[in-house]
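Both counts, for ligands and for their atoms, begin at 1 and track the order of listing. If you read the sequence from its start, that first residue is 1, and numbering goes on from there.
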Amino acid sequence: MLKKARIAVLVSGGGTNLEHLLLAQERGELPHGEIVLVVSGNPSAYALTRAEKHGVPAVCIPKKDTPQEYFEKLLSQKLQDFGVDFLILAGFLSILSENFVKQWPEKILNIHPSLIPSFCGKGFYGLKVHEAALARGVKVTGATVHFVNEIPDGGTILLQKAVEILPGDTPEILQKRVMEQAEWVLLPQAAELLAQRLTQEPASR
Ligand code: GAR
């Protein structure tokens with residue numbers, strides 16, 4: 001039996017995506033990975049409480065008033081202490097520097113609440129994404145799990161799922177539907193895909 005890929009989940013807020021990753025793990029849907037650490041840049045993130053309720057170590061590295069370089073130094077140290085193999089940004093709303101991202105090639109997954117390349121990039125996060133989709137009048141939106149490269153919300157797309165926009169939708173209603181129908185389904189699938197990839201034995205010749 002190969003060792004499992006050790007996963008750190010980075011969060012900033014409510015942590016519903018984290019919750020669904022943990023539930024998937026508890027249901028046995030993450031057989032090649034294990035969530036070993038949750039990191040928040042925000043001390044009052046409810047995601048930290050969720051991690052504790054599931055018995056997963058949770059730490060806060062306060063982002064506010066901390067220089068980026070120092071924040072990333074502390075983060076790198078934690079990831080090393082916990083022997084982390086890959087990272088999942090699950091509603092982690094801070095930008096990581098190019099220098100940090102370079103150290104984790106194809107090992108940082110992010111979930112974004114739209115069908116990239118629509119409604120992504122600078123300023124598009126959380127409810128703002130759904131406000132923009134409704135303002136544009138698109139009939140279909142969704143969610144994307146992608147690798148983080150140098151550009152935020154750039155990088156290779158791993159999985160996408162479409163969600164219908166319905167008459168009368170508000171940003172809040174749409175956000176809830178995108179989470180339920182796409183984000184909470186896709187993120188555990190993507191975590192298992194990458195965990196499987198990283199723990200796979202090289203093909204025998
Ligand atoms: C999620 O909708 C996630 O897709 C979004 O923030 C929310 C966090 O919710 N992320 C972005 O907008 C990234 N650009 P959660 O804390 O309940 O998982």
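- Taking a cut-off of under 4.0 Å to the non-hydrogen atoms of F124, the atoms of ligand 1 that pass are 14 (N).
- No side-chain donor-acceptor contact under 3.5 Å links N99 and S97.
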Cut-off 3.5 Å, no hydrogens considered: what does the side-chain donor-acceptor table look like for residues 125-134, sequence neighbours left out?
none

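- The N17 neighbourhood of ligand 1 comprises atoms 1 (C), 18 (O), with distances under 4.0 Å to a heavy atom of that residue.
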Distance-only donor-acceptor hits, side chain of residues 57-64, under 3.5 Å, sequence neighbours excluded:
{"from": "K63", "atom 1": "NZ", "to": "Q68", "atom 2": "OE1", "distance (Å)": "2.9"}

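- Listed by atom number, the atoms of ligand 1 under 4.0 Å from M179 heavy atoms are 1 (C), 2 (O), 9 (O), 17 (O).
- Remark: side-chain polar atoms of R6 are paired, donor with acceptor, to backbone N or O of F82 under 3.5 angstrom.
- Numbered from 1 in the order shown, with element, the atoms of ligand 1 that lie under 4.0 Å from a heavy atom of H112 read 13 (C), 14 (N).
- Close N/O approach between E183 and ligand 1 is found [any backbone or side-chain N/O within under 3.5 Å].
- Checking G13, G91, A90 against atom 6 (O) of ligand 1, the nearest heavy atom belongs to G91.
- Atoms of ligand 1 found under 4.0 Å from any heavy atom of G126 (numbered from 1 in listed order, with element): 11 (C), 12 (O).
- For the pair E180 and K176, the salt-bridge criterion is met [side-chain N within less than 4.0 Å of a carboxylate O].
- Remark: of the listed residues R197, E192, K4, K3, E192 is the sole one forming a side chain to side chain donor-acceptor pair (under 3.5 Å) with H32.
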One pair to check against side-chain hydrogen bond (donor to acceptor under 3.5 Å, both in side chains): N42 and S40. What are the steps and the verdict? CA-CA 5 Å; N42 163 18; S40 170; 5.3 Å; no
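- Here is the list of ligand 1 atoms found below 4.0 Å of a heavy atom in I111: 4 (O), 10 (N), 13 (C).
- Checked against a 3.5 angstrom limit, the closest N/O atoms of G15 and ligand 1 fall inside it.
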